[in-house]
Number of protein chains: 6
Amino acid sequence: MATPSYKHFLVHHPLPFVAHVEINRPQKLNAFYEEMWLEFKTVFDTLSHSPDVRAIILSGAGDRAFTAGLDVEAASQSGILVQASGEADVARKAVQIKRHVEEFQNCVGSVEKCEKPVICVLHGFAFGLALDISTCADIRIASADVKLAVKEVDIGLAADIGTLSRLPKLVGNFGWVKDVALSARVFGAEEAYRVGFVSQVHENKQKAIEAALEMAELLATKSPVAVQGTKELLNHARDHTLLDSLRYTGVWNSAAIQTSDVERAMLSGLKKRKPTFEKL
Amino acid sequence: MATPSYKHFLVHHPLPFVAHVEINRPQKLNAFYEEMWLEFKTVFDTLSHSPDVRAIILSGAGDRAFTAGLDVEAASQSGILVQASGEADVARKAVQIKRHVEEFQNCVGSVEKCEKPVICVLHGFAFGLALDISTCADIRIASADVKLAVKEVDIGLAADIGTLSRLPKLVGNFGWVKDVALSARVFGAEEAYRVGFVSQVHENKQKAIEAALEMAELLATKSPVAVQGTKELLNHARDHTLLDSLRYTGVWNSAAIQTSDVERAMLSGLKKRKPTFEKL
Amino acid sequence: MATPSYKHFLVHHPLPFVAHVEINRPQKLNAFYEEMWLEFKTVFDTLSHSPDVRAIILSGAGDRAFTAGLDVEAASQSGILVQASGEADVARKAVQIKRHVEEFQNCVGSVEKCEKPVICVLHGFAFGLALDISTCADIRIASADVKLAVKEVDIGLAADIGTLSRLPKLVGNFGWVKDVALSARVFGAEEAYRVGFVSQVHENKQKAIEAALEMAELLATKSPVAVQGTKELLNHARDHTLLDSLRYTGVWNSAAIQTSDVERAMLSGLKKRKPTFEKL
Amino acid sequence: MATPSYKHFLVHHPLPFVAHVEINRPQKLNAFYEEMWLEFKTVFDTLSHSPDVRAIILSGAGDRAFTAGLDVEAASQSGILVQASGEADVARKAVQIKRHVEEFQNCVGSVEKCEKPVICVLHGFAFGLALDISTCADIRIASADVKLAVKEVDIGLAADIGTLSRLPKLVGNFGWVKDVALSARVFGAEEAYRVGFVSQVHENKQKAIEAALEMAELLATKSPVAVQGTKELLNHARDHTLLDSLRYTGVWNSAAIQTSDVERAMLSGLKKRKPTFEKL
Amino acid sequence: MATPSYKHFLVHHPLPFVAHVEINRPQKLNAFYEEMWLEFKTVFDTLSHSPDVRAIILSGAGDRAFTAGLDVEAASQSGILVQASGEADVARKAVQIKRHVEEFQNCVGSVEKCEKPVICVLHGFAFGLALDISTCADIRIASADVKLAVKEVDIGLAADIGTLSRLPKLVGNFGWVKDVALSARVFGAEEAYRVGFVSQVHENKQKAIEAALEMAELLATKSPVAVQGTKELLNHARDHTLLDSLRYTGVWNSAAIQTSDVERAMLSGLKKRKPTFEKL
Amino acid sequence: MATPSYKHFLVHHPLPFVAHVEINRPQKLNAFYEEMWLEFKTVFDTLSHSPDVRAIILSGAGDRAFTAGLDVEAASQSGILVQASGEADVARKAVQIKRHVEEFQNCVGSVEKCEKPVICVLHGFAFGLALDISTCADIRIASADVKLAVKEVDIGLAADIGTLSRLPKLVGNFGWVKDVALSARVFGAEEAYRVGFVSQVHENKQKAIEAALEMAELLATKSPVAVQGTKELLNHARDHTLLDSLRYTGVWNSAAIQTSDVERAMLSGLKKRKPTFEKL
């Protein structure tokens, strides 16, 4: 299949129905600037609706970093921090900042809104924005060399692109979340695994990518109606009361269960063969 | 005490104030069909209000399974999946499916609504519906041989009877929840213990039942006003903001603290003897 | 700096910008009575707004207890339990109890509302109210000798000062929360660490205090705008949907990012020196 | 069509797809006692799923009352108020009362949960429970002689079967809601119309019934997929944020729009003839 | 009964169980400054718990104004607006402002938290803070001469002491709310009555006070358990979903219904005499 | 100022800081098709951030219609209804429909998200989509000839672009909302005014536009910080509990109050002259 090409991202298709997105600015440790996060949203919005994609892997290009976070140098020349230190009226600057943060949040959040499951491989430096992005993914796999940090406190900021909103709902250890978010300290793969932030740790980036491919391949063989519905319902459940979640689930499945995938899956189960499913 | 007898469930009273419910269709791996989950609700609604019951154990009968889940053969002859593949108007089928799912959710949810604490012993096959049921219980204890799976994706469905709604609130590792729910893979007792899905693992079903009996016996000696209030307030807290939870708690205890159990418990404490409490 | 002195609490300043609060009634195992929790609120409200404080440590005075909880003897002579067993109309007693519980909840909750991060060192006996208080803190560190229990069920009560509301949001293992809350059993430092209730365990109280001092010292060097914003946004996130949390975060930072701390922090980063920040 | 017959309710079918339920205990001013509200739920649950019903009218039998409310005489011999004044432990009585109120709320709430629109004709005495019931209906039409009151304060109670929960969401004049709920004063049809509690006022019960029949007949000619979906989505919207409501609506219609009713309705519109729709 | 005396408020007891609070700074059109709203909270917190009070009337002293709002002159010398224009760091000023607004909101909100019903008589100038205060009251009665305005936009502010939060939940005409809040235009008694902001209009302040006294007298004869419960449950319902409101109501009444007021009220009803109720 | 020109919309600037948007497809009664609602979003997103705009008027071009709603002819050739009746798998069609509805909701919702107040002038035919759009506006003004209808039920649909979600929160008469939404009946200006759906009625479109201009001119003279903050806080209040709304308001104003508009507005008030404010 033909894939659009992007300035800051490599998107390839290592396996049927599996896309691999690489953040591709390795000479700058994959640090982000504004044009880049706008394109990031385009990448994930496109994959979200592509019928040829059923599972997505996200990693950094190169060996040194998933992403070192915000490109502070670029940010110090334009963007939010410059706006914040300008001469305008405080309230008017606040409006500009709010608009900027909202757009930035929306771009990063495209990973979470993506209808297909996203497996994030964390390796090398993974600071600041790396957490904002990876907390949007469905599953996180780490390379043993990963250096993680909620780094924003160290530049005088509370993180505002999603980490503080998502991390407490991802990891059931609120004391640990506060520890790393307040101290901005670096933590590694083992600690991330122990508290449940990552699901697997592998000895290096290559092995971690292989594990992600294996999982993506598995997900891509399943009914896309079932897989994508499961992602949607779990994300909905996280944010709603039990009763709301059950009600939404009932309505969701009132359409979804009418799929032919159920019959295909069941027949394949009986006949011990692999089912194939229509695109979605 | 006299206990009603049921077609698909064994209910006995191994200890004072302790009921043990066994899913009793071992020849079919305790798989459920519609008549059975309707009766399941009757069992738990009855125990919920029975003054002779203060703690409940739930397990499967026989050695092979807690429950293998939905009886797919029965379901393929009637029920939701047949409705879903019929000839009627899509919207009208959707209404039938929604009604069906709601009733099914209500039946399974009777374990959570049950005013008395429920300890679930998971053993053997525990697929699909086994998760829907056990996530409603208060405490889960596993036998080492248990084979657990959120199996629905493998029949082309997103699980809709409660697992996707409850599991993210039970286990503070959202990545793991997504992993098992999206992949439908089987996991065992050790993994379930590591992520906090079960509280204890014992070498076989018999030992697990004994541990459950020990815990149930302990809970049955406590003030039922205090125990049942604690269950209610914890379930309320899970779904509400902190302020709502504190407000509800204050109102709840404005009646509950007027119980004579407080005085009895305190006096017994001072006199180093075991208190007895009125039925509830 | 001058510090007010309190009847039941010692407040000292072991390091710049660090306050240490000790519950100071060691002859009664630091048990609380009404006058004491009213003063407790005064202590934390004062520290919350003090520009000379950026991090707070909370522990018990003496070696035997953080706090053994409610002073049951005092409570049996006045207060809520006496009101509950009096002669008045049930509804009128309920109003008195509700008012009492609300005030008590507010006093304990002052730790959570405190704008500065609070590190709680748990040691010795830490029963009942010890849980209500420590679940309000941001980070919990344990001494190896700590004996923890949600003790209220054993005096015929559901805990109503905050433990049941906060514990399920602090620890992502709802089965364990129910186990300890329903059974009132004592658990130790290792178990508390395993489930994520405490972040660190040290061999004795002294070592635990030292670890807390080290963490507090670190937090006190950071931008107070960033640290205090992070505490606020994490507590908000716990109780709100993702979208509400992101929206609130954007508005919060629309003022906070206009701080000069960002420039100071960045410059210091470039120049490899320690930044200093204005008081807050 | 055959209709089950009930002890306390008359159910007839004055027009195709229209059911008329009359509360039938006129000798007691249609006052309710426990057996009666249990049957009330059966009536509405049955109509909710009956494919022969698309709109429902609810009124009292006889000329004197819609319902005078709770049968206080019966209640004083059994039920909630007797439980409340008995000798048992306060906390245990509280549990009994809570169970009783929940069941009573569920029975009355069956009008709101009914999938078909319910038009309530209020006439004569309409006190207490009359408000609980009529606030569950979709549309209220009054006879000029109606005497309405939220009567519970006059028997020493806060109304607990739904009026206090629903009235503030039905009528956008919170001061008026508090006025009538706190004072228990009687108000008439004109006042009810002015504040928006009823939609129409007619000179007597007969005219009001006729107006209800006209409206029910109109609703019965519409697509039942569209009408029942509209009721569900409006009730959902009342209780949810805008974003949740829009999300639920999108999922709801993802099945509902696949109905053949859309094509039938559109063709009929073009051909200026009346569409017919399949049962639902 | 003895009443404490206040610097800025007159509190008298014109009828048994009825308190009348007058804002008493008529020479300044009853405009508020910081010391005054702190005392305002003390007044209402005291009345809230006073067993001798069952209904409260709130008006301005003198003929010219309920209150002209914030004393802008005083505010321009100290307080929030001065803080806002000072020299400090933007983020640090923001923290000061937030603390200030929270305290101010809490003081005004004491009217809403007051357990007894509050009837607000609006007369003369009633600008800005007058709306913040009166939206907290349960019932609003106007004198024909009242001049109302959500005035804050005219001093460059969005109203932040409660009007924007409460008005949309009080008046079911969101377009009108936006009209008056965005334009800051003055509106009179008739318009306020038409949209449901006030319940009654009387020709002058004296007549309005008389009407308020009549209503307060009526409420004071009712069971205080029932009246105060009704206020609480209605305020809870405004902010919660239907299911949460019903659940809270059931728990509330599980204690409240055990009052002897029910029996007293019923007996009095049968014997056609006026009941008396114990203090609350 | 230069304004972009649009294919389906006229945007002019009749007064300083006032924009007037006309839906410009009068030969088709201003009916919408997909390309048109995508452009509609562009129009409002642009105005939202334009510093030269402080108030917006929205009307239809021509005398016959605000908008007759969805262009059913166009819709029957492409778009959602065609997707719904196609041959694909039910679940896959449901996903397509959901995506389509979400995008459509987002486009219409741009009026509500627009930071500047929007005054909607309703005239002539105003069916279906006219309600979805106008319920997003802040203020609605009607011409006497307007013919309004929630028309969707008549084409077999529950309205899903926002009317059912917003109307219950706009108009405090839930019975009336259900009446017009279930029956799809046409209602006129007087009824719309009586229930509070529109704020003003004028004898024809021209007079209604003049009234809207007058109001827009007034809003444009006010502090834009105050006006835009007020819109944001009122929309937030509609969807949140009281406590959340107060908390958000405090944080919002902690930046906004630091504006110079406060000083300018106050000085102008004292000097009786018109203030001017910087752009926003």
Side-chain angles (χ1 to χ4, degrees), chain A residues 55 117 135 137-141 166 169-174 195-200 215 218-219 222-223 225-238 240-266 269 275 277, chain B residues 72-73 75-76 80-81 83-86 90-91 93-106 108-109 112 150 152-179 181-185 194-196 235 238-240:
Chain A
T135 53
D138 297 288
I139 290 165
R140 281 152 300 282
I141 293 177
R166 289 188 180 91
K169 308 196 172 199
L170 210 63
V171 168
N173 185 328
F174 201 42
V195 299
F197 178 65
V198 302
S199 299
Q200 301 176 26
M215 185 178 290
L218 176 65
L219 299 186
K222 308 281 179 183
S223 154
V225 170
V227 166
Q228 296 169 29
T230 297
K231 172 170 179 170
E232 166 75 7
L233 294 177
L234 284 172
N235 280 352
H236 185 277
R238 175 195 59 188
H240 288 81
T241 64
L242 183 65
L243 290 175
D244 267 347
S245 173
L246 292 172
R247 184 179 185 179
Y248 186 75
T249 299
V251 176
W252 181 276
N253 263 7
S254 75
I257 282 183
Q258 298 188 44
T259 180
S260 64
D261 291 18
V262 173
E263 198 183 345
R264 288 176 188 228
M266 285 189 167
F277 300 104
Chain B
V72 177
E73 200 181 342
S76 69
I80 191 172
L81 299 174
Q83 284 167 359
S85 63
V90 170
K93 277 197 280 189
V95 169
Q96 301 297 333
I97 293 166
K98 193 174 77 74
R99 287 178 189 162
H100 176 95
V101 171
E102 271 176 19
E103 187 184 62
F104 199 170
Q105 289 175 343
N106 281 341
V108 166
E112 189 173 272
V150 186
E152 284 83 349
V153 159
D154 275 351
I155 54 167
L157 294 181
D160 57 5
I161 308 305
T163 294
L164 300 189
S165 302
R166 289 188 179 91
L167 201 53
K169 307 195 173 198
L170 211 63
V171 168
N173 185 329
F174 201 42
W176 178 82
V177 169
K178 284 193 166 161
D179 171 356
L182 292 169
S183 71
R185 68 177 174 79
R194 182 173 55 76
V195 300
N235 280 352
R238 176 195 57 189
D239 264 359
H240 288 81

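Chain identifiers are assigned alphabetically (A, B, ...) following the order of the sequence lines, protein sequences preceding nucleic acid strands; residue numbering begins at 1 within each chain.
The closest donor-acceptor contact from the side chain of B/Lys178 to the backbone of A/Lys231 lies at 3.5 Å or more, if one exists at all. Between the side chain of A/Gln258 and the backbone N or O of B/Lys93, no donor-acceptor pair lies under 3.5 Å.
Proximity to chain B involves both the backbone and the side chain of A/Leu246, based on heavy atoms less than 4.5 angstrom apart. When heavy atoms are compared at a cutoff of 4.5 Å, A/Asn173 does not approach chain B at all. Using a 4.5 Å cut-off between heavy atoms, A/His240 touches chain B through its backbone atoms (N, CA, C, O) alone.
Counting heavy-atom pairs closer than 4.5 Å to chain B, the top-ranked of the candidates A/Arg264, A/Arg140, A/Arg238 is A/Arg238. In terms of non-hydrogen atom pairs under 4.5 Å with chain A, the most contact-rich of B/Ala94, B/Ala159, B/Gly196 is B/Ala94. Counting heavy-atom pairs closer than 4.5 Å to chain A, the top-ranked of the candidates B/Ala184, B/Ser165, B/Gly162 is B/Ser165. Between chain B and the options A/Leu243, A/Asp261, A/Leu219, the largest number of non-hydrogen pairs under 4.5 Å is found for A/Leu219. Among A/Gly172, A/Ala265, A/Ser223, A/Ser254, the residue making the largest number of heavy-atom pairs under 4.5 Å with chain B is A/Ser254. Of all the listed residues (B/Lys98, B/Arg194, B/Arg99, B/Gln105), the one sharing the greatest number of non-hydrogen pairs under 4.5 Å with chain A is B/Gln105. Of the listed residues A/Ala237, A/Pro275, A/Ser260, A/Ala226, the one with more heavy-atom pairs under 4.5 angstrom with chain B than any other is A/Ala226.
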Candidate pair B/Leu182 and A/Lys222, rule side-chain contact (heavy atoms from CB on, under 4.5 Å), full reasoning: CA-CA 9 Å; B/Leu182 292 169; A/Lys222 308 281 179 183; over 6 Å; no
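Screening residues 161-173 of chain B for salt bridge (charged side-chain N to carboxylate O under 4.0 Å, His left out) gives B/Glu112-B/Arg166, B/Lys169-B/Asp239 as the qualifying pairs, with residues at least two apart or on separate chains.
Residue A/Leu234 comes nearest to B/Phe174 through the heavy atom pair O-CZ, 3.5 Å, listed as atom of the first residue, atom of the second, then distance. A/Ile139 and B/Gly175 make their closest contact through CG1-O, 3.9 Å (heavy atoms, listed as atom of the first residue, atom of the second, distance).
One finds the CD1 atom of B/Ile97 at 8.5 Å from the CG atom of A/Asn253 (value rounded to the nearest 0.5 Å). Interatomic distance, B/Ile155 CD1 to A/Ile257 CD1, rounded to the nearest 0.5 Å: 8.5 Å.
Inter-residue side-chain proximity for B/Val150 and A/Thr230 is flagged as unmet; no heavy-atom pair is nearer than 4.5 Å. Contact of the B/Leu164 side chain with the A/His236 side chain is not registered, since no non-hydrogen atoms from C-beta on lie closer than 4.5 Å.
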